[in-house]
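Notes follow once the structure below has been shown.
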Amino acid sequence: MATPEVKSRIEALREEILAHDYAYYVLAQPLISDAEYDRLFTALQRLELEHPTLVTPESPTQRPGGKFETSFAPVAHRVPMLSLANAFNREGLIAWEVRNTKLLDRAINDYAVEPKIDGLAVSLLYQRGRLIRAATRGDGMTGEDITYNVLTIPDIPRELKQAVDIEVRGEVYMSIKDFETLNFRRAERRESLFANPRNAAAGSLRQQDPRITRDRPLRFWAYATLGPRNLDTHRAGLNFLQELGLPIWPDTRLCNNLDEVWNYCNEYQERRPALPFEIDGVVIKVNALEEQDILGTVGREPRWAIAFKYPPTQATTRLEGIAISVGRTGTLNPVALLEPVTVGGVTISKATLHNLDEIRRKDLRIGDVVLIQRAGDVIPQVVKPVVEKRTGAETVYDFPTRCPECGSHIIKPEGFAMHYCTGGLACRAQLVEQVKHFASRRAMNIEHLGAKVADTFVEQGLIQDLADLYSLQLNDLMRLERFARKSAENLIHAIEASKEIPFERVLFALGIHEVGEQTARLLAQQFGSIENLASAALEQLMAVNGLGPIVSQSIRNFFEEPHNQNVIEKLRSAGLQLTYSGAPSREGPLAGQIWLFTGRLAKITRPAAEALVLQFGGHTSSSITKNVTRVVAGEEAGSKLEKARKLQIPILSEQEFWEYIERLETGSKNQAPILP
Ligand code: IVH
């Protein structure tokens with residue numbers, strides 16, 4: 001007989017195992033050894049064997065394919081995951097309303113309207129407030145188990161703020177910017193490209209190894225709950241989800257009639273190009289759950305909801321030629337030169353082609369009529385040639401053998417997708433790009449040193465590398481046509497002033513491949529000085545939480561290159577900051593503040609939370625002193641929390657921290673909102 005004790009022991013074991021899976025996969029910080037983990041797992045298996053009636057499909061033991069792998073085991077949805085009927089114009093919406101009004105025998109004056117995000121639907125099952133299973137939509141009846149992958153998505157809380165049993169549905173998506181970065185990297189590594197953010201999100205979720213998913217920037221919005229039915233509207237459901245700590249779309253609008261609905265559709269059609277993620281329409285839902293129940297479902301589509309679909313932002317035009325743009329590191333990026341065409345209100349004359357493989361794969365020829373598409377405010381893409389329109393006069397594109405900027409040989413290393421200019425320093429295009437990046441606002445912030453000036457310096461031979469900027473003299477500038485005394489002085493001052501820029505930004509300014517602002521900051525903190533970083537072995541780099549093998553290798557490559565060593569020596573003699581000061585460095589609403597995180601965070605890893613504070617100009621600390629200004633206490637916070645209390649340092653819960661960050665994100669640039 002299964003006693004209540006056995007039952008709760010089994011449940012406790014399952015929760016414990018899931019917690020360790022989380023630590024292992026998501027945080028990449030296992031809390032126990034493999035052997036200890038195995039003991040827990042075996043204990044659970046044994047109890048379940050003795051009490052087969054207590055085995056549930058959600059138990060970790062029921063995942064075929066081994067405990068450390070996402071199984072993609074089939075998951076039967078308790079309630080089918082529906083799709084939506086479509087309307088393509090106002091008439092379509094009116095017809096939908098007319099039919100519903102007849103069925104209800106009364107007018108509908110309460111709609112909830114929200115964007116239709118172009119990602120993929122997932123179901124999240126929470127038991128006593130803990131995420132126990134996540135599944136894809138599949139065919140609507142049966143999906144796939146993607147629990148471990150979903151655990152890696154920071155937007156999705158592992159634990160809700162109330163210990164409820166609830167099923168949540170929503171959309172996993174990738175922002176347009178993240179999608180582009182991902183594709184750009186993939187192109188460089190010769191991996192196949194994702195056609196759009198939606199495919200990228202789907203591909204990232206369906207990874208056998210959740211650690212790959214972890215490195216993909218997936219996001220989530222919740223849009224439905226199958227939870228407690230004592231709520232009476234869709235809106236109330238969303239509010240409840242928010243209370244539980246789930247992210248919901250902040251601008252779901254209640255509309256009293258179709259005119260208001262129509263306004264929302266138009267409003268979002270206009271905002272669409274500027275949204276950070278793709279939407280393909282607007283979802284209109286009858287708000288009252290009672291009315292939803294009466295209207296019911298036909299086939300796979302509810303009658304109480306409809307999708308208003310936007311026309312695709314695609315167009316055809318002619319591919320007039322292909323130009324090559326030279327990147328900072330010598331990558332040669334082919335760019336489609338298009339006969340200008342208007343797509344969704346924007347004139348397009350260029351589109352990215354990534355690399356020669358892409359051009360070949362799509363069989364693009366100069367002179368082709370091509371289909372192009374624009375997603376959000378991003379670089380347009382060439383989808384495919386319109387083969388039917390070929391006249392025979394189209395020509396196959398040959399990649400140049402010499403750099404169009406410097407004439408150096410072009411190479412394509414074995415196994416790489418990109419072509420590279422071998423000119424290195426001799427390629428002025430590369431140096432110009434380096435200087436532009438170095439001087440940019442977020443790097444060394446050298447005012448008056450923009451693209452044109454960078455171009456002139458390189459063109460005139462005034463600088464051979466980045467460090468030469470610091471030996472420029474007033475006279476050098478005055479000899480140039482574009483500088484009068486005043487502007488020359490200004491620039492010299494700006495260059496001089498940049499010597500105070502803190503180490504982490506110098507590191508970012510160096511333009512090491514794969515090292516963005518966050519990574520630069522992390523490296524500065526972890527290694528403290530450029531010598532330490534330059535001499536760090538690959539293993540040491542990879543041991544830094546958050547640094548993958550590719551970034552690590554790239555850092556090694558950079559510091560092994562004698563030319564770079566030379567530049568760094570010159571920068572040192574010039575007096576740049578090459579050690580980490582840890583002092584408040586940037587402007588930002590949190591400037592001068594020191595935050596400390598303690599305990600386990602549910603939504604995000606600690607380094608990621610700390611990165612947020614840094615992003616807003618604050619600093620973080622791992623030891624508690626009276627200088628610490630705020631403490632964020634996660635679960636099971638211990639002695640540090642105690643000490644913070646003694647020192648009377650204000651303490652925030654994780655949720656309060658999130659709300660605060662949200663306010664910072666929406667608030668004014670340098671002004672922090674009042675803290676809770
Ligand atoms: S409601 C019956 N709301 O659209 C309810 N769906 O074609 C169906 N989607 O599979 C879902 N944004 O992946 C709903 N705000 C939203 C949505 C949304 C995107 C997707 C979802 C669903 C598909 C239906």
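Order of listing sets the numbers, starting from 1, for every ligand and every atom in it. Below, each value reflects all heavy atoms present in this structure, side chains not excepted, and no hydrogens, waters or symmetry copies.
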**Prompt:** Name the residues in contact with ligand 1, where contact means a heavy atom under 4.0 Å away: which are they?
**Reply:**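 Residues L82, S83, L84, E114, P115, K116, I117, A121, R137, E171, Y223, V283, K285, P302, W304 each place a heavy atom under 4.0 Å from ligand 1, listed by chain and number.
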**Message:** Taking side-chain contact (heavy atoms from CB on, under 4.5 Å) as the definition, give me every residue that meets it alongside K389, ordered by chain and number, with sequence neighbours left out.
**Reply:**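 By the side-chain contact (heavy atoms from CB on, under 4.5 Å) rule, K389 matches V369, V386.
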**Asked** Are E11 and R14 within salt-bridge range, i.e. N to O under 4.0 Å?
**Response**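 No salt bridge links E11 with R14.
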**Asked** Between R185 and D215, is there a salt bridge with N-O shorter than 4.0 Å?
**Response**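 Judged by the 4.0 Å cut-off on N to carboxylate O distance, D215 and R185 do not form a salt bridge.
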**Message:** Can you confirm whether or not the ring centre of Y173 sits under 6.0 Å from the ring centre of W249?
**Reply:**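 No, too far apart.
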**Item:** Rounded distance [0.5 Å steps], CG in D105 versus OG1 in T101
**Value:**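 Between D105 CG and T101 OG1, I get 10.0 Å after rounding to 0.5 Å.
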**Request:** Please name the residue in the list W262, F88, W96 that meets the side chain to side chain contact (heavy atoms under 4.5 Å, CB included) test with F308.
**Result:**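 Answer to the side chain to side chain contact (heavy atoms under 4.5 Å, CB included) test with F308 among W262, F88, W96: W262.
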